[in-house]
Amino acid sequence: MPTAPDNPLRLRLRVAVKLLAAAGLLAAAVVPLGYFGGGAGPAFPDQRRVEVGDLAPGQARRLDWDGRPVIVLRRGGDQGGWFVALASGTAMGCPVVWEPARARFVEPCSGARYDPEGRPIDAPGLAPLRVPPHHFEAEGRLVLGRE
């Protein structure tokens, strides 16, 4: 039995449904690719300059860098120099604090401990503290972020 030709309205509706289906498939492919590919946004925010030269050896300061906590330590003794890390522990993600008397970072919620270089103490398999991109422009002038 021969089929009747589609009327113009039915033809337009079929074309519209097919176009919407194609757009949906395209969106379903693009969103996961952007997520797994890291997206288009930067991994770290813009630069921030901070004066930290007033820190005495063995002292640390906590900063805010675009909503991210950062801890800056002026190392003392034989090590000297500076250590800069995101102030979130790698055990449970809680803020780390500097214990100057014991010369270590501690993540209070998990009890994880890190040395002045940000390496875990007595915790095999635990990742070190994450170091953000940074450099020093001058003595005591920290620049957080990429150039």
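In what follows, every heavy atom counts, from backbone to side chain, and hydrogens, waters and symmetry copies are set aside.
Side-chain contact, Gln59 with Arg61: no donor N or O sits under 3.5 Å from an acceptor N or O.
Residue pairs meeting the salt bridge (charged side-chain N to carboxylate O under 4.0 Å, His left out) criterion with at least one partner in residues 83-96, sequence neighbours excluded, do not occur; the list is empty. For residues 82-91, no residue pair satisfies the salt bridge (charged side-chain N to carboxylate O under 4.0 Å, His left out) rule, not counting sequence neighbours. Each side-chain hydrogen bond (donor to acceptor under 3.5 Å, both in side chains) pair with one or both residues in residues 80-95, not counting sequence neighbours, appears once here: Thr90-Tyr114.
Counting only distance, with no hydrogens or angles, the side chain of Arg74 and the backbone of Gly53 share a donor-acceptor pair below 3.5 Å.
Salt bridge annotation for Asp66-Arg48: absent, with no cationic side-chain nitrogen under 4.0 angstrom from a carboxylate oxygen.
With sequence neighbours left out, the side-chain contact (heavy atoms from CB on, under 4.5 Å) criterion links Arg12 to Pro8. Judged as a salt bridge (charged side-chain N to carboxylate O under 4.0 Å, His left out), and not counting sequence neighbours, Arg102 has no contacts.
In this structure, the side chains of Trp98 and Phe83 stay at 4.5 Å or more apart for every pair of heavy atoms. Counting heavy atoms from C-beta outward, Val96 and Val106 have side chains that stay 4.5 Å or more apart. Side-chain atoms of Pro95 and Arg62, non-hydrogen and from C-beta on, do get closer than 4.5 Å to each other.
In this structure, the separation between CD on Glu139 and CD on Glu51 is 10.5 Å, given to the nearest 0.5 Å.
Grouping Ile, Leu, Val, Met, Phe, Trp and Tyr residues whose side-chain heavy atoms lie under 4.5 Å apart, directly or via other members, places Leu13 in a hydrophobic cluster with Leu9.
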